[in-house]
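See structure below.
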Amino acid sequence: MPDLRVYRLFISHAWIHNDDYYRLVEMLKNANHFLWHNYSVPEHEPLLVKTTKQLDEGLVLQIRPTQAVIIISGMYAAHRKWIQREIEIAQEMNKPIIGIKPWGNERIPIAVQNAACEMVGWNTTSIVDAIRRYSL
């Protein structure tokens, strides 16, 4: 059994695809011998900001304490400037990025492929193992 520690994770996702986000959160919550703290910004807990600059600063503050950034990398990610910005913030802070291929998707955005330490399938064991391997 792996050592139990609490992983601090930021899950990058597009609000228009909340189902994937909530499914991943449930998978991680139900993973055996895996503890984590969610630093994401889901639609039901948005950052209370009024400007683009404040949103950017808020994302920096959310990502800073994390040990890894997870990106649900459906093709919509390629068209979402904020997901790209989250990738940039993670890279600026040398945070490992783990990409998750959504169920049934064959194409993955190049930006996510290039940024990720590893791309994993939509499988709890694969995701948790990658988090354990790459988390700071």
Side-chain angles (χ1 to χ4, degrees):
M1 179 168 61
D3 291 335
L4 281 183
R5 69 184 252 209
V6 178
Y7 294 90
R8 297 182 313 271
L9 305 173
F10 181 91
I11 302 170
S12 177
H13 65 286
W15 284 358
I16 61 171
H17 295 278
N18 271 334
D19 291 348
D20 289 343
Y21 168 78
Y22 290 115
R23 191 164 21 132
L24 176 58
V25 167
E26 283 305 308
M27 288 169 67
L28 294 176
K29 281 182 185 177
N30 294 322
N32 292 325
H33 310 294
F34 184 75
L35 303 172
W36 69 293
H37 183 80
N38 191 350
Y39 284 81
S40 306
V41 182
E43 188 173 23
H44 69 274
E45 290 180 34
L47 295 176
L48 301 176
V49 299
K50 294 183 180 178
T51 67
T52 300
K53 183 175 189 272
Q54 289 174 335
L55 178 55
D56 190 77
E57 292 167 350
L59 289 172
V60 168
L61 292 175
Q62 290 296 116
I63 294 172
R64 181 172 286 130
T66 65
Q67 296 165 301
V69 172
I70 313 291
I71 300 175
I72 302 172
S73 55
M75 285 309 295
Y76 58 84
H79 306 290
R80 299 310 231 184
K81 76 174 190 175
W82 287 108
I83 292 175
Q84 181 59 43
R85 181 62 186 130
E86 291 162 353
I87 290 170
E88 292 167 3
I89 293 167
Q91 290 174 325
E92 289 165 9
M93 295 182 183
N94 294 314
K95 303 288 182 181
I97 296 172
I98 299 164
I100 300 176
K101 299 178 235 175
W103 190 259
N105 274 24
E106 292 182 19
R107 297 177 57 204
I108 303 298
I110 295 295
V112 177
Q113 288 181 49
N114 290 342
C117 297
E118 184 174 346
M119 295 297 303
V120 296
W122 195 258
N123 172 286
T124 303
T125 301
S126 299
I127 295 165
V128 168
D129 287 349
I131 291 168
R132 287 187 172 128
R133 267 193 304 281
Y134 294 103
S135 288
L136 302 173

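In what follows, every heavy atom counts, from backbone to side chain, and hydrogens, waters and symmetry copies are set aside.
Residues Arg5 and Ser135 have side chains in contact (heavy-atom distance under 4.5 Å, counting atoms from C-beta outward). At a threshold of 4.5 Å between non-hydrogen side-chain atoms, the residues Trp82 and Leu59 count as touching. A 4.5 Å side-chain heavy-atom check between Ile89 and Lys95 finds every atom pair outside the cut-off. For the pair Tyr39 and Ile63, the minimum side-chain heavy-atom distance is 4.5 Å or more. Considering only heavy atoms from C-beta on, Tyr7 stays 4.5 Å or farther from Thr66 through its side chain. Looking at Ile11 and Leu28, their side chains come closer than 4.5 Å, going by heavy atoms from C-beta outward. Between Thr124 and Asn30, the closest side-chain pair of non-hydrogen atoms is not below 4.5 Å.
No path of Ile, Leu, Val, Met, Phe, Trp and Tyr side chains, each step under 4.5 Å between heavy atoms, connects Val128 with Leu136, placing them in separate hydrophobic clusters. The hydrophobic cluster containing Val60 also contains Val41, counting ILVMFWY residues as joined when their side-chain heavy atoms lie under 4.5 angstrom apart, directly or transitively. Grouping the Ile, Leu, Val, Met, Phe, Trp and Tyr side chains by contacts below 4.5 angstrom, directly or via other members, places Val25 apart from Leu35. No continuous path of hydrophobic side-chain contacts links Ile70 to Leu61 [ILVMFWY only; heavy atoms under 4.5 Å].
For the atom pair CG of Asn38 and CG of Leu9, the computed distance is 7.5 Å after rounding to the nearest 0.5 Å. In this structure, Gln67 CD and Arg132 CZ are separated by 12.5 Å, a value rounded to the nearest 0.5 Å. Note that CD of Glu86 is 7.5 Å distant from CD1 of Ile71, once rounded to the nearest 0.5 Å. With values rounded to the nearest 0.5 angstrom, Ile98 atom CD1 is found 10.5 Å from Met119 atom CE.
Between Ile127 and Met27, the closest heavy-atom pair is CD1-CE, 3.9 Å. In this structure, Val112 and Gly99 approach most closely via the heavy-atom pair CG1-CA, 4.3 Å. Closest approach of Ile87 and Ala111 over heavy atoms only: CD1-O, 4.4 Å. Scanning all heavy atoms of the two residues, the minimum distance from Val6 to His37 falls at CG1-N, 4.0 Å. Contact detail for Ala130 and Glu118: the closest heavy-atom pair is CB-OE1, 4.2 Å. Counting all heavy atoms, side chain and backbone alike, Ile83 lies closest to Ser12 at CG2-OG, 3.4 Å.
Ser40 contributes no side-chain N or O that, together with a main-chain N or O of Phe10, makes up a donor-acceptor pair within less than 3.5 Å. Of the possible polar contacts, one joining the Gln113 side chain to the Ile108 backbone as a donor-acceptor pair under 3.5 Å is found.
Comment: Asp56 does not engage Lys53 in a salt bridge, judged by the lack of any side-chain N to carboxylate O separation of less than 4.0 angstrom. Using a 4.0 Å cut-off between charged nitrogen and carboxylate oxygen, Lys81 and Glu88 do not count as a salt-bridge pair. Taking a cutoff of 4.0 Å between a charged side-chain nitrogen and a carboxylate oxygen, Lys29 and Glu26 qualify as a salt bridge.
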